[in-house]
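Read through the structure below, which is laid out as structure tokens, and then see the notes.
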There are 2 protein chains.
Amino acid sequence: MSYKIKSRIWIESDNNVLLGEGRVHLLKAIQETGSLSKAAKSLNISYKKAWQLIDSVNKSAKKPVTINSIGGKGGGGAELTDYGLSLVNAFDDINKNCWEFLDQQLEKIKLL
Amino acid sequence: MSYKIKSRIWIESDNNVLLGEGRVHLLKAIQETGSLSKAAKSLNISYKKAWQLIDSVNKSAKKPVTINSIGGKGGGGAELTDYGLSLVNAFDDINKNCWEFLDQQLEKIKLL
DNA sequence: TACCGTTATGTTCATGCAAATATAACGAAT
DNA sequence: ATTCGTTATATTTGCATGAACATAACGGTA
């Protein structure tokens, strides 16, 4: 059994977490379902937790990441802003590159 | 206020954590003080927690990382093995490189 | 107006993790 | 044999995080 390197990266703004893997998953689910409650169900987390995460994201970000509407046709919904999309894409890109980087570094402990 | 990228890396062995930043700090403190209890004090963690960490490290590693002696002159002590030193150095190296790597990636969100 | 599905928010309960405390085991030195 | 400082281990207490449940607010539609 050989050693493995694991990693986690996240983006902070003023010492508050803005984006991590979980939040990005949630944002993608919102984009797919068009609603926060459906996104929460698809990720098997409570609506409340999902709402808290999105609230934290929007409070930490410089510009709104989602637009949430209450009431109306279908009861309301949520969707990503263009800015939110940019953040998600940037995070995904950086995260993927980080994996590749650590895959190279793995050589340094292969012999141990 | 600009966004920052934070990261954490750790080495796993068979789905058990072997080394992370905290464990590396502890191992270095052991090397400096020659004892687990002194190392725990210097890091402001309880002896029990320190012991559990070291126990986990030694159980996860392929070869012993520390040698702990009970009783005798001075009551006993703990020291790093050469293998432990290699692991610590490898972790530090990879971790430092990871910081530098992410510092480059930071450009991708500077504009956001 | 009544309904509907959603966002938004509060409250209680459980569960796991950390902290604190206590104590046993050990072996060299005196 | 006693002392000493350390490693090793168990038990309890407290706290923080999340799960579960309940409910209000909203605004289009019929």
Side-chain angles (χ1 to χ4, degrees), chain A residues 6 8 10 12 15-61 64-81 84, chain B residues 6 8 10 12 15-61 64-81 84:
Chain A
K6 300 256 179 155
R8 234 175 232 191
W10 63 97
E12 286 192 4
N15 289 333
N16 295 312
V17 174
L18 167 62
L19 274 191
E21 221 156 320
R23 293 171 189 227
V24 164
H25 279 155
L26 180 57
L27 290 174
K28 286 178 178 172
I30 288 175
Q31 190 186 14
E32 288 167 9
T33 62
S35 115
L36 181 51
S37 65
K38 285 178 187 164
K41 277 175 192 161
S42 82
L43 294 190
N44 255 34
I45 63 176
S46 69
Y47 170 82
K48 179 168 188 178
K49 172 152 190 177
W51 182 85
Q52 286 172 331
L53 286 171
I54 291 302
D55 186 54
S56 167
V57 166
N58 281 315
K59 280 179 177 160
S60 304
V65 172
T66 70
I67 293 183
N68 310 329
S69 51
I70 321 175
K73 183 167 90 175
E79 58 180 356
L80 289 201
T81 62
Chain B
K6 301 257 179 156
R8 229 172 237 191
W10 64 96
E12 286 191 4
N15 288 334
N16 296 313
V17 174
L18 167 61
L19 275 191
E21 221 156 319
R23 293 172 188 225
V24 164
H25 279 156
L26 181 57
L27 289 174
K28 286 178 178 173
I30 288 175
Q31 190 187 13
E32 289 167 8
T33 63
S35 114
L36 181 51
S37 65
K38 286 177 187 166
K41 277 175 192 162
S42 81
L43 294 189
N44 256 34
I45 62 176
S46 69
Y47 170 82
K48 178 171 186 176
K49 173 152 188 179
W51 181 84
Q52 285 173 332
L53 286 171
I54 292 301
D55 187 53
S56 167
V57 166
N58 280 315
K59 280 179 177 160
S60 304
V65 171
T66 71
I67 293 184
N68 311 330
S69 51
I70 322 175
K73 184 167 87 174
E79 58 181 356
L80 291 201
T81 62

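Naming convention: chains lettered A, B, ... in sequence-line order (proteins, then strands); numbering from 1 in each chain.
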Item to complete: Mark up nucleotides 24-30 of chain C, 5' to 3', with B wherever a protein heavy atom is under 4.0 angstrom from a base atom, S wherever such an atom reaches only the sugar-phosphate, and - elsewhere.
Response: --BBS--

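With A:Thr81 contributing its side chain and A:Val65 its backbone, the two residues share a donor-acceptor pair below 3.5 Å. B:Asn68 places no side-chain N or O within 3.5 Å of a backbone atom of B:Ala78 that could act as its donor or acceptor partner.
Of all heavy-atom pairs between A:Ala40 and A:Ser46, the closest is CB-O, 4.0 Å. Summarising the geometry of A:Ile45 relative to A:Lys49, their closest heavy-atom pair is CD1-CG, 4.5 Å, with the distance given to 0.1 Å. Closest of all the heavy-atom pairs between A:Ala50 and A:Leu26 is O-CD2, 3.6 Å.
The shortest side-chain heavy-atom distance between A:His25 and A:Leu43 falls under the 4.5 Å cut-off. With contacts defined as side-chain heavy-atom distances shorter than 4.5 Å, the pair B:Leu36/B:Thr66 does not qualify.
Near DNA chain C, meaning a heavy atom under 4.0 Å from it, residues 19-54 of chain B has B:Lys48, B:Lys49 in order of number.
Close to D:dT6, at under 4.0 Å from its OP1 or OP2, lies no side-chain N or O of B:Asn68.
Within the structure, salt bridge (charged side-chain N to carboxylate O under 4.0 Å, His left out) contacts touching residues 20-37 of chain A (residues at least two apart or in different chains) are A:Lys28-A:Asp92.
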